[in-house]
Structures are given as structure tokens and as C-alpha cells.
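Working notes, beginning with the structure itself.
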Amino acid sequence: MASAPPPRLTGLDLFRGLAVAGMIIVNTPGSGHYVWWPLDHAAWNGFTPTDLVFPAFLFAVGVALALSFPRRIDAVLWRRVARRTASLIALGWAWQMLARPCLATFRLMGVLPRIGLCYGIVAVFVMLTARRDADGRARLDAGLIGGAAVAILASYAALMLLVPVPGHGAGQLTPDGNLAGYVDRMLLTSAHMWRFGTGASGAVVYDPEGLLSTLPALANVLFGMLAAIAWQRAPARAVAWIAIGGVVLVGAGLLLDPLFPINKRLWSSSYALFSSGLSALLLALAMLASRRPALNRLFAPLYLLGMNAILGYILSLLLGLAGMRLYIGTTTLGAHAFAAMQAVAPDPYLASFLCSLAVLALVIGPLVPLHRRGIHLRL
């Protein structure tokens, strides 16, 4: 007898749509010189609303992954995980080559490669550690998943605080002196890192999506899995349990902050805890909102974006690139759009924000007919 399809967590598409919408708004201002502080990353230590969007998406990856269990683990599933992981990394590399087509300065890491690595590593972990039922289906072990998240964050904190960096010593959480940046410089080399990750000398010294800092990002995915497991076990009480878990994680992040400051660029352990807690609270709110028909209609565009998240994100990247690369006369298309928006909203910060909303609308527009035809990008 065929097994029933896994249950659907109402509100996940809304939560994921909010995360992607946040990415688009943050990445496509009308002018990078006019950005309200909530729509920009913290310069180093600290936290802004913008610092939530990427970890929230990783949290959603974990929720979706957990909802696919219980299931049979076979060769087909292993191939699917490998294909999705490779596809996300390849998409990220294709974007890098399109944006800056130069192998000498090709950035190896980035948002899409980090999503791919986090998904792939966590998927392999849970497939190897899942418990098998009598019928052969694998079930997730919540205790093992939670323990792995804690162990990862503790290990990363120990590495960052205790392992000395040549020329800087141990525990130097500066752009130049942190261990994650040093590892990236040794393995990736500065030429293949984020070109804005500069230190005091102006040289590239760190990558916010680097190799070592991908380790704590796995915890965001694992905590997302725990939220989904909570819903599967007790749907009627899931909102409360997820919200309580969110409060606990936020508190843990704040308690760790004095020792290992909340820092998105380093993806510090306190940042992983804090952002996972806020993601859980946002998911709980999305679950509550999805129960209200009026709110469902209001948030319909975000649901569409959440159901086609990767495609929406890629479209936003292409629109942003077109704004920088296409010229009308001697002025870029993006500059023309910003000037036109200032004619409507003279405040440059407001005009810049409205431009990002316009890009969001342009992204969602093509998703509507695709959704009606049942077309969704499934990597």
C-alpha cells in the first residue's frame, strides 16, 4: 500500500515568502547610498532586521526537509539530495560568472552555495542517523538533531575563541584576526572571496558566506527541523511550542552575546541562536496568520513567492544586474529608475526603498501565471 503524502505545514510558504521578499528588498535598493538602517546589515557586531532574512531562509529549508519525513531512504533519495545540492551550488557559481565574468576573481562561496552546502550536509546527516520503523520508513530523531545543533555551535565557538590565528593570537573576532577569515584566506585565497570583506588595510580578509562559518549555519537548518517535528507531533499545540522554543533560543543567543558577540559576518554561535529564535517566532506568527482567510488573501503574493522561492530570488538577481549593466544613453537603467522614483518621492531614502518594492513586484508578477499552471522550480 502506498504511504500517505507527508502533511503540509500551513504557513510555511508564507514564512518562506517573507524571507525571500526580505532578501529582494535588501539586495535591490534604488541606490546603495540611501538605505534605511533596518534594511542594511550590521557593520560588524550587532543585529538589524536585515540580518534575519538569510538565516530565516535556512530555517525554512530545515522545516521543509523535516516535513518530507518519515520516508524510505533509498538510492533515489540519495541521488535527489546530491542533485539538489549540486544544483544550488552550480546556480550560485553561474550567477557569479554572470555578474563578474573573471576566473581570477571568481567568488567560490555565496548565498546559493551556502544554501546548497547546508541543505546537503544536514540531509546526509539526518538520513544516516534516522531511526527505521518496522515498515522500513525512516523517522527523525529530535534529540539527536537538537544535540547536533548544540554541539556544532559549541565547537564553532571553541574554535573561534581558542584557536590562535598567526599574527593575531586567539579570540580576535575582528575582520583581520578571526579564525574563519584566516581559514578562508588559506583555502579559498582572498582573490576568490567576497570583494567587500575588507579589513583595516583595505585588503579582502573575510567572506560572510565562507567555509568555516558555514558550520554554525547548519544549526539554523537543524533548528528549523525541530520546529517541523514539533508540528508533526502535536499540530494543535505547535504554534505555542514553536514560539516557546523561539524565546528560549533568543534568550540563549543574548546570554552568549557578551562572550561571542552576535555577528552575521562571522555567523557567530550567538547569532545562529538569536536568528533561529526569531525565525521560530516569525514562523509561529505565519502559522497563525495562515488560519485567517482575510490575511491569506492579503498575503497571497508572499505565498506565491514562498512556493517558488529560488526562482524568485534568481529573478531578483537578474533584475538587479540589468539595472546596473543596461544603459539608457550614458546612465544605467537603475539610475533612471531611481531618478524617476524621486520624482514621485523626493526623499532619497524613501525613493530607494520604493525601488526595491518595485523590483519585488516585478519578481512576483511572472510567478502568478507560472503558479496557475502548476510550474514551480524544484531543484
Side-chain angles (χ1 to χ4, degrees), residues 6-20 22-23 52-71 77 80-81 84-85 88 111-130 138-153 156 209 213-233 238-239 241-243 245-246 248-250 252-253 267 269 271-287 306-307 309-310 313 378-379:
R8 186 169 187 80
L9 173 56
T10 306
L12 174 58
D13 288 326
L14 174 57
F15 171 72
R16 189 162 44 205
L18 285 167
V20 179
M23 287 184 177
L52 178 60
V53 293
F54 189 15
F57 190 86
L58 291 177
F59 190 91
V61 169
V63 174
L65 180 58
L67 291 179
S68 68
F69 285 83
R71 66 187 304 166
L77 179 58
R80 184 177 302 160
V81 168
R84 286 178 176 172
T85 302
L88 285 164
V111 170
L112 288 169
R114 171 161 286 184
I115 294 172
L117 286 174
C118 287
Y119 164 77
I121 293 170
V122 171
V124 168
F125 169 75
V126 297
M127 287 193 295
L128 290 175
T129 59
R139 294 185 180 274
L140 299 175
D141 187 326
L144 193 58
I145 290 172
V150 172
I152 286 170
L153 296 180
Y156 183 66
E209 283 84 42
S213 62
T214 296
L215 185 66
L218 299 175
N220 293 81
V221 181
L222 292 168
F223 285 129
M225 297 190 76
L226 291 179
I229 293 170
W231 179 79
Q232 289 175 321
R233 292 183 176 178
V239 171
W241 281 115
I242 292 171
V248 171
L249 290 174
V250 166
W267 213 284
S269 299
Y271 170 75
L273 289 166
F274 188 70
S275 61
S276 293
L278 291 180
S279 297
L281 292 172
L282 185 59
L283 174 61
L285 290 174
M287 292 168 66
M307 286 185 276
I310 294 296
Y313 179 66
R378 307 292 188 196
L379 296 177

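Side-chain atoms are counted along with the backbone in the values below, which use heavy atoms only and exclude waters and symmetry mates. Note that the structure is predicted; figures quoted are calculated from it, not measured. In this chain, numbering begins with 1 at the start of the sequence shown.
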- Message: side-chain contact (heavy atoms from CB on, under 4.5 Å) for Leu144 and Phe125? Distances and angles first, verdict last.
- Response: CA-CA 10 Å; Leu144 193 58; Phe125 169 75; 4.1 Å; yes

- Are Thr129 and Asp141 side-chain neighbours, meaning at least one heavy-atom pair lies under 4.5 Å? no

- Would you mind reporting whether Leu67 and Trp231 have side-chain heavy atoms less than 4.5 Å apart? yes

- In Å and rounded to the nearest 0.5 Å, what is the CE to CG distance from Met307 to Leu12? 10.5 Å

- Is there a donor-acceptor pair closer than 3.5 Å between any side-chain N or O of Arg114 and the backbone N or O of Ala217? no

- Measure the shortest side-chain to side-chain distance between Leu282 and Phe59 over non-hydrogen atoms and say whether it is less than 4.5 angstrom. no

- Item | Heavy-atom closest pair, residues Arg16 and Gly306 | NE-O, 2.8 Å

- Provide the closest heavy-atom pair for Leu222 versus Ile145 in the form atom of the first, atom of the second, distance. O-CG2, 3.5 Å

- Query: Got a second to check how far Arg80's CZ is from Thr85's OG1, nearest 0.5 Å?
  - Reply: 12.5 Å

- Note on the structure: Value for CZ (Phe274) from CG (Leu249), rounded to nearest 0.5 Å, stands at 11.0 Å

- Item | Under 3.5 Å donor-acceptor, Ser276 side chain and Leu273 backbone | no

- So which heavy atom on Leu65 is nearest to which on Tyr119, and how close? CD1-CE1, 4.1 Å

- Query: Under a 4.5 Å cut-off applied to non-hydrogen side-chain atoms, are Phe57 and Ile310 in contact?
  - Reply: yes

- Message: Give me the atom names and distance for the closest heavy-atom approach of Leu281 to Val250.
- Response: CD1-CG2, 4.4 Å

- Query: How about Ser279 and Phe223: do any of their side-chain heavy atoms sit closer than 4.5 Å?
  - Reply: no

- Note on the structure: Taken to the nearest 0.5 Å, the spacing of Ile115 CD1 from Glu209 CD works out to 9.5 Å

- Query: When rounded to the nearest 0.5 angstrom, what is the spacing between OG1 in Thr214 and CD1 in Ile121?
  - Reply: 7.0 Å

- Task: Please report the closest heavy-atom contact between Met225 and Gly62, naming both atoms and the distance.
- Result: CG-O, 3.2 Å

- Message: If we ignore hydrogens and angles and just use 3.5 Å, is the side chain of Gln232 paired with the main-chain N or O of Phe69 as donor and acceptor?
- Response: yes

- Atom CD1 of Ile242 and atom CG of Leu285: how far apart are they, to the nearest 0.5 Å? 11.0 Å

- Of all heavy-atom pairs linking Leu226 and Gly146, the shortest is CD1-CA, 3.8 Å

- Task: Indicate whether the side chain of Ser275 and that of Asn220 have a donor and an acceptor atom separated by less than 3.5 Å.
- Result: yes

